A.B. asks: 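Got a structure for you, questions after.
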Amino acid sequence: MLDLKQIREETDKCIELLNRRGGDFSYLREILTKDESRRAAIQKVEVLKAKKNEVSRLIGLYKREGKDVTQILSDMNSFSDEIKNLDEFVTRTDEEIKDALLNTPNLPNEFISVGKDDSDNKEIKKNSTPTTFDFPIKGHYELGEALDILDFNRAGKISGSRFVVYKGLGARLERSLIQWMMDLHANEHGYVEVIPPYIINEASMYASGQFPKFKEEAFKLYDDRNLYLNPTAEVPTINLHRDEVLDVEKLPLKYVSYTTAFRQEAGSAGRDTRGILRQHQFNKVELIKFTKPEESYDELDKMLANSERVLQLLELPYRVVELCTGDLGFSMRKTFDIEVWLPSENKYREIGSISNAEDYQARRANIKFRRANDSKLEFVHTLNGSGLAVGRTVIAIMENYQQSDGSIKIPTVLQKYMGVTEIR
RNA sequence: GGAGAAGUACCCAAGUGGCUGAAGGGGCUGGCUUGGAAAGCUAGUAGAUCGUUAACCCGGUGCAGGGGUUCAAAUCCCCUCUUCUCCGCCA
């Protein structure tokens, strides 16, 4: 959530920055008008409430002394209605303002490039050249079915489209990657391991910014408690510290969180229907940090390096792009996407995303810290990044490590987890 | 799933309608005492949030959360959540 005070003080700048995402955010001015009438009403009602408190106190006093209170009681009635009306007005405008703010995305960082969509993203790093082959290559779906490690037909029988059954060494590859990624980030990069709940309540979805905008993306449980399936580890992990004041000595807090994520992908019917690129259910290892404001961009760079390390150790070709304003996620100020080379598509595809939300999520989730004993509370900055998407890493390994006979080599770092050097 | 108990400030805890925005401890901070410390004595100690303000002050909200009754609610009523105990079931 944006800071209403900032919108008040830097109205033009806020609108201009938001407009860079595409769309018209001049409605912020209407919020400010509402806010003004809200504050005027607050001032009015607070005077009345102070008076009411005083009169109530007197009534108590008079009763104890045995004095008559009928006159004073009727005085009270004269303004209790007005208090009620004003209170209702304040509550209503408050909700309207909050509703508008909850639907307003984060300001883009002012230095990232302005653009319409992913075609305007800026490549900032490329580690190597695409894998070359001296034989006709296959897609991971063909390889997977031929090796009987990915079973789409039976997954359809069990669940429907956009699901897959991992079998044999396919299942082991998925499991090995999870294990290895968790080990890497926990042991070498200093993150604390987390396995959070996969069923999430509505408050948590709002706090991290998934709701209200992206309600249709979540799987809702048939249950009267308004519960949803986890859409990304970012949600439960950010909410670890909702409504908390973090110990400044412990910042930055670093978590590596493993979850299975569930998404409707409602808006992408017909896209990426082959294979496991876009599934309703997928595994992800996610990195989350809570930092002091002045450290968040350094920590973002470190997080990017931690994510890249996964691909470097797997020896997979990738590049890093900086998202332009039009492609930036709702809650984020700045985002790097890591894209891995997929031979079957002859292009780089997103395999991870590393973002700084600054104080946007912290304000929604009410996560603060105190610099010193006598200083005021401040919002922390929150960061999250993929460490990585496991299913897509499986794709990248299968396709980049395929051999002319349809077998797949196992990257060196995974061999001791897999117990084999290739899948055939 | 069944039965019961509980949620009060940093922690423990008293409090069944007004003199309680909250007794009493502990802790923390300061003072006295001491060569210094401990002990003892003593003073201070809602944090938060909203409004106002240059700031202080002041005012509103605030006793798990949300509604209600009342001139007045920690206290009475309703709903929800969480924790604990026992029983049942179960990986």
Side-chain angles (χ1 to χ4, degrees), chain A residues 1-10 31-102 195-207 211 220-228 236 239-250 260 359 361-380:
Chain A
M1 199 153 60
L2 296 180
D3 182 7
L4 188 57
K5 279 197 183 116
Q6 189 195 1
I7 297 176
R8 211 184 285 156
E9 282 156 18
E10 303 178 298
I31 297 183
L32 287 180
T33 312
K34 262 189 191 140
D35 176 49
E36 252 173 70
S37 61
R38 171 184 145 267
R39 282 184 293 146
I42 286 174
Q43 286 181 45
K44 242 194 248 172
V45 78
E46 287 189 351
V47 172
L48 291 174
K49 279 183 178 172
K51 201 160 129 199
K52 182 179 148 190
N53 289 343
E54 177 61 16
V55 174
S56 282
R57 214 174 53 85
L58 283 179
I59 291 172
L61 205 69
Y62 286 4
K63 283 214 163 166
R64 249 171 285 125
E65 293 172 354
K67 286 193 201 164
D68 181 48
V69 295
T70 47
Q71 177 60 45
I72 209 168
L73 270 178
S74 69
D75 288 352
M76 181 68 99
N77 287 327
S78 67
F79 55 85
S80 63
D81 268 0
E82 201 179 346
I83 290 181
K84 205 176 160 202
N85 290 338
L86 284 168
D87 261 348
E88 272 166 16
F89 176 79
V90 170
T91 311
R92 198 172 60 243
T93 27
D94 235 2
E95 267 165 21
E96 285 166 9
I97 291 167
K98 200 172 174 212
D99 191 60
L101 287 179
L102 284 175
I195 302 179
Y198 295 179
I199 291 178
I200 313 277
N201 63 28
E202 212 167 27
S204 299
M205 297 292 260
Y206 273 96
F211 283 10
K220 189 174 192 311
L221 295 192
Y222 190 75
D223 181 283
D224 55 11
R225 286 173 293 185
N226 284 327
L227 296 172
Y228 298 83
N239 276 281
L240 266 184
H241 293 299
R242 189 171 82 227
D243 294 319
E244 288 187 20
V245 176
L246 304 180
D247 183 353
V248 66
E249 300 295 330
K250 295 197 173 129
T260 301
D359 63 1
Q361 283 178 321
R363 184 171 286 107
R364 279 177 173 243
N366 190 30
I367 306 171
K368 298 176 170 175
F369 77 104
R370 196 190 302 278
R371 283 178 196 279
N373 268 339
D374 53 350
S375 46
K376 285 195 150 189
L377 293 175
E378 294 173 58
F379 289 110
V380 296

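Letters A, B, ... mirror the listed sequences (proteins, then strands); counts begin at 1. The figures here come from the full heavy-atom set of this structure, side chains too, leaving out hydrogens, waters and symmetry mates. This structure is a prediction, so every number in the text was calculated from the model and none was measured.
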A.B. asks: What nucleotide among U49(B), G51(B), G18(B) has an atom nearest to a side-chain atom of Leu377(A)?
C.D. replies: U49(B)
A.B. asks: CD1 of Ile31(A) to OG1 of Thr93(A): how many Å apart, nearest 0.5 Å?
C.D. replies: 12.5 Å
A.B. asks: Using atom C1' in both nucleotides, what's the gap between C11(B) and C28(B) to the nearest angstrom?
C.D. replies: 11 Å
A.B. asks: Identify which nucleotide among G47(B), G51(B), A72(B) has an atom closest to any side-chain atom of Arg370(A), counting heavy atoms from C-beta outward.
C.D. replies: G47(B)
A.B. asks: Expressed as a whole number of Å, how far does the C1' atom of U16(B) sit from that of C63(B)?
C.D. replies: 15 Å
A.B. asks: Pick the C1' atom in U8(B) and in G25(B), then give their distance to the nearest Å.
C.D. replies: 15 Å
A.B. asks: Could you tell me whether Tyr228(A) and Phe211(A) have their ring centroids closer than 6.0 angstrom?
C.D. replies: yes
A.B. asks: Could you check how far CG of Asp3(A) sits from C1' of U49(B), rounded to whole Å?
C.D. replies: 14 Å
A.B. asks: Using the P atom in both, what is the distance from U69(B) to G60(B), to the nearest Å?
C.D. replies: 22 Å
A.B. asks: Indicate whether any N or O donor in one side chain lies under 3.5 Å from an N or O acceptor in the other, for Asn201(A) and Ser204(A).
C.D. replies: yes
A.B. asks: If I take atom CZ from residue Phe369(A) and atom NZ from residue Lys250(A), how far apart are they, to the nearest 0.5 angstrom?
C.D. replies: 15.5 Å
A.B. asks: Could you report the tightest heavy-atom contact between Leu101(A) and Ile7(A), atom names first, then the distance?
C.D. replies: CD2-CD1, 3.6 Å
A.B. asks: Starting at the 5' end of RNA chain B, which residue's closest nucleotide do you reach first, Val47(A) or Ser56(A)?
C.D. replies: Ser56(A)
A.B. asks: Represent RNA chain B in dot-bracket notation, 5' to 3'. Only Watson-Crick or G-U wobble pairs with both distances under 3.5 Å count; pseudoknot-style crossings use [ ] and interstrand partners use |.
C.D. replies: ((((((((.[[[..)..(.....]]]((((((.......))))))..((((......))))..[[[[[..)....]]]]])))))))....
A.B. asks: Using heavy atoms and a sub-4.0 Å distance, could you list which residues of residues 32-45 of chain A are near RNA chain B? By number, please.
C.D. replies: Arg38(A), Arg39(A), Ile42(A), Gln43(A)
A.B. asks: Provide, to the nearest angstrom, the distance between the CZ atom belonging to Arg242(A) and the C1' atom belonging to A48(B).
C.D. replies: 17 Å
A.B. asks: When the C1' atoms of G27(B) and U80(B) are considered, how many whole Å apart are they?
C.D. replies: 34 Å
A.B. asks: Going through the distances and angles, do Asp247(A) and Arg370(A) end up as a salt bridge (Lys or Arg N to Asp or Glu O under 4.0 Å)?
C.D. replies: CA-CA 7 Å; Asp247(A) 183 353; Arg370(A) 196 190 302 278; over 6 Å; no
A.B. asks: I want to check one thing: is the phosphate of G51(B), taken as OP1 and OP2, less than 4.0 Å away from some side-chain N or O of Arg8(A)?
C.D. replies: yes
A.B. asks: Evaluate the salt bridge (Lys or Arg N to Asp or Glu O under 4.0 Å) criterion for residues Arg39(A) and Asp35(A): first the C-alpha distance (whole Å), next the side-chain angles of each, then the deciding distance (0.1 Å), finally the verdict.
C.D. replies: CA-CA 6 Å; Arg39(A) 282 184 293 146; Asp35(A) 176 49; 3.3 Å; yes
A.B. asks: Which part of the nucleic acid does Arg363(A) contact within heavy-atom distance under 4.0 Å: base, sugar-phosphate only, or nothing?
C.D. replies: nothing
A.B. asks: Rounded to whole Å, how long is the line connecting atom CD1 of Ile83(A) with atom C1' of G59(B)?
C.D. replies: 13 Å
A.B. asks: Could you walk me through whether Leu377(A) and Val245(A) pass the side-chain contact (heavy atoms from CB on, under 4.5 Å) check?
C.D. replies: CA-CA 8 Å; Leu377(A) 293 175; Val245(A) 176; 3.8 Å; yes
A.B. asks: Hey, is the side chain of Lys368(A) poking within less than 4.0 Å of OP1 or OP2 on U49(B), counting only N and O atoms?
C.D. replies: yes
A.B. asks: How long is the line joining CG of Asp247(A) and C1' of G47(B), in whole Å?
C.D. replies: 16 Å
A.B. asks: Quick one: is G59(B) close enough that its OP1 or OP2 comes under 4.0 Å of any side-chain N or O from Lys49(A)?
C.D. replies: no
A.B. asks: Between Leu48(A) (CG) and G59(B) (P), how many Å, whole number?
C.D. replies: 16 Å
A.B. asks: Of all heavy-atom pairs between Arg38(A) and Val90(A), which one has the smallest distance, and what is that distance?
C.D. replies: O-CG2, 4.3 Å
A.B. asks: Using atom C1' of each nucleotide, how far apart are A73(B) and G21(B) to the nearest Å?
C.D. replies: 13 Å
A.B. asks: Rounded to whole angstrom, note down the C1' distance from U49(B) over to A43(B).
C.D. replies: 29 Å
A.B. asks: Taking atom P of U61(B) as reference, at what distance in whole Å does atom NZ of Lys52(A) sit?
C.D. replies: 8 Å
A.B. asks: So, Arg57(A) and Glu54(A), do they make that salt bridge, N to O below 4.0 Å?
C.D. replies: yes
A.B. asks: How close or far is atom P of C50(B) from atom CG of Asp87(A), stated in whole angstroms?
C.D. replies: 17 Å
A.B. asks: How far, in whole Å, is G65(B) from U82(B) if one measures between their P atoms?
C.D. replies: 15 Å
A.B. asks: Quick one: do Lys34(A) and Glu96(A) make a salt bridge, cutoff under 4.0 Å?
C.D. replies: yes
A.B. asks: For Leu101(A) and C50(B), give me the distance from atom CG to atom C1', rounded to whole Å.
C.D. replies: 15 Å
A.B. asks: Does a nitrogen or oxygen in the side chain of Asn53(A) sit under 4.0 Å from OP1 or OP2 of A72(B)?
C.D. replies: no
